[in-house]
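See below for the structure under consideration.
Because only heavy atoms are used, hydrogens play no part in the values below, and waters and symmetry mates are left out as well, while side chains stay in.
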Amino acid sequence: MPDQIRLLVVEDVPQVAQYIRGLLNSQSTIKLLDVVSDGSKVLNLINELRPDVVMVDALLQGRVKGLNLVAQIQQSDSRIPVIVLTVPQQPVMVDPANGVHGVLGMPFTGYELVTRLQQVHQASQTTDHSNLARMITVFAPKGGVGKTTLAFNIAVAIGQAGLRTVLIDGSLQ
């Protein structure tokens with residue numbers, strides 16, 4: 001299903017992990033990629049599994065603690081939104097600048113889980129993508145039609161707009 005949200009969960013309490021599995025088992029809008037209990041493995045898994053959202057337990061124990069893992073994900077520039085699971089005794093605030101795109105307090109219902117995942121995923125889809133790379137190709141099957149001039153003028157205009165640009169003029173022949 002192409003519109004499924006791909007979720008990676010980082011949770012070291014087996015009962016909570018099983019609860020999340022159970023809640024997501026009966027619906028089709030979210031695909032649970034994996035539940036990991038070791039925070040040190042998460043960055044590699046993000047590169048391997050390419051989740052749409054990562055859910056991290058704020059109270060995660062082990063070599064990499066929960067909020068430290070959130071900071072690592074933020075610093076990795078993976079641009080994957082993170083939802084932090086927490087308890088009322090340890091409040092966490094939503095702070096996208098520091099990698100916390102959503103908070104889900106325990107205990108939570110299946111409706112709250114799915115709704116928060118959808119909200120965070122939707123917000124990440126509508127953010128400004130102006131800093132992403134783009135490629136513009138100028139092609140014509142024959143020479144002498146002004147491809148180089150046109151490509152040069154496009155590159156100059158992009159540069160004048162304050163964006164970095166690279167112009168590569170090559171012939172495939």
Side-chain angles (χ1 to χ4, degrees), residues 1-135 158 161-164:
M1 183 176 231
D3 56 348
Q4 279 186 321
I5 299 171
R6 298 167 43 86
L7 175 65
L8 175 63
V9 175
V10 186
E11 174 59 67
D12 59 348
V13 178
Q15 294 85 349
V16 176
Q18 189 59 36
Y19 179 66
I20 292 171
R21 277 191 186 98
L23 292 175
L24 297 177
N25 204 21
S26 63
Q27 56 73 51
S28 62
T29 60
I30 298 162
K31 179 178 182 180
L32 182 59
L33 298 174
D34 202 354
V35 177
V36 184
S37 59
D38 183 358
S40 65
K41 298 178 181 178
V42 172
L43 293 179
N44 289 333
L45 279 174
I46 287 174
N47 290 328
E48 180 184 324
L49 299 175
R50 301 283 184 203
D52 296 316
V53 178
V54 176
M55 186 176 293
V56 176
D57 178 8
L59 303 175
L60 184 69
Q61 298 300 308
R63 290 185 301 195
V64 180
K65 305 290 187 223
L67 296 178
N68 290 340
L69 177 58
V70 173
Q72 287 180 9
I73 294 170
Q74 171 77 7
Q75 292 166 359
S76 74
D77 199 31
S78 62
R79 299 188 181 157
I80 296 176
V82 176
I83 297 175
V84 174
L85 286 175
T86 190
V87 293
Q89 299 84 356
Q90 299 286 331
V92 175
M93 301 301 294
V94 174
D95 185 5
N98 288 314
V100 180
H101 299 88
V103 175
L104 188 60
M106 292 192 267
F108 53 86
T109 65
Y111 175 78
E112 291 169 322
L113 172 63
V114 171
T115 301
R116 188 63 33 83
L117 282 166
Q118 289 172 336
Q119 288 170 344
V120 167
H121 182 254
Q122 182 63 34
S124 75
Q125 297 298 307
T126 58
T127 57
D128 178 25
H129 296 293
S130 63
N131 57 351
L132 296 179
R134 291 183 184 85
M135 182 185 332
I158 291 171
L163 302 172
R164 290 181 17 177

Open item on the list: Would the distance check show the side chain of Gln27 and the main-chain N or O of Leu24 forming a donor-acceptor pair, the cut-off being under 3.5 Å?
Closed with: yes

Open item on the list: With a 4.5 Å cut-off on side-chain heavy atoms, are Leu85 and Ile20 touching?
Closed with: yes

- [ ] Report yes if some heavy atom in the side chain of Val10 is under 4.5 Å from a heavy atom in the side chain of Leu69; otherwise report no.
- [x] yes

Open item on the list: Minimum heavy-atom separation for Met106 and Val87, please, with both atom names.
Closed with: CE-CG1, 4.1 Å

Open item on the list: I'd like to know whether NZ of Lys65 has more than 12 heavy-atom contacts from other residues, nucleotides or ligands below 6.0 angstrom.
Closed with: yes

TODO: List the steps and the verdict of side-chain contact (heavy atoms from CB on, under 4.5 Å) for Val100 and Met93.
DONE: CA-CA 8 Å; Val100 180; Met93 301 301 294; over 6 Å; no

TODO: Using a 4.5 Å cut-off on heavy atoms from C-beta on, say whether the side chain of Met55 contacts that of Leu113.
DONE: yes

Task: Gap between atom CD1 of Ile30 and atom CG of Asn25 - 0.5 Å precision - done: 12.5 Å

Open item on the list: Is it the case that the side chain of Glu11 and the backbone of Val35 share a donor-acceptor pair, with hydrogens and angles ignored and the cut-off at 3.5 Å?
Closed with: no

- [ ] For Gly99 and His101, work out which heavy atoms get closest and say how close.
- [x] O-ND1, 3.3 Å

- [ ] Please examine the side chains of Asn98 and Gln74, heavy atoms only from C-beta on, and report whether any two atoms are closer than 4.5 Å.
- [x] no

Task: Check: Arg6 main-chain N/O paired with Arg50 side-chain donor or acceptor under 3.5 Å - done: no

Open item on the list: Is any side-chain heavy atom of Pro51 closer than 4.5 Å to one of Leu7?
Closed with: no

Open item on the list: Check whether Asp12 reaches the backbone of Ser37 with its side chain - one donor and one acceptor, N or O, closer than 3.5 Å.
Closed with: no

Open item on the list: So which atom in Asp52 and which in Gln4 form the shortest heavy-atom distance, rounded to 0.1 Å?
Closed with: OD2-O, 3.5 Å

Task: Pairwise distance CG(Leu67) to OG1(Thr86) - rounded to 0.5 angstrom - done: 7.5 Å

Task: Heavy-atom side-chain proximity of Leu43 to Ile73 below 4.5 angstrom - done: yes

Task: Heavy-atom pair of closest approach, residues Phe108 and Tyr19 - done: O-OH, 2.5 Å

Task: Candidate list Leu104, Val56, Val70, Val84, test side chain to side chain contact (heavy atoms under 4.5 Å, CB included), partner Val92, passing option - done: Val84

TODO: Using atom types as modelled and distance alone, determine if a side-chain donor or acceptor of Arg63 lies under 3.5 Å from a backbone N or O of Gly39.
DONE: no

Task: Gln15 side-chain N/O to Val13 backbone N/O, donor-acceptor pair under 3.5 Å - done: no

Task: Donor-acceptor pair, side chain of Asp38 and main chain of Ser40, under 3.5 angstrom - done: yes

- [ ] Report the distance from atom CD1 of Ile80 to atom CD1 of Ile46, rounding to the nearest 0.5 Å.
- [x] 5.0 Å

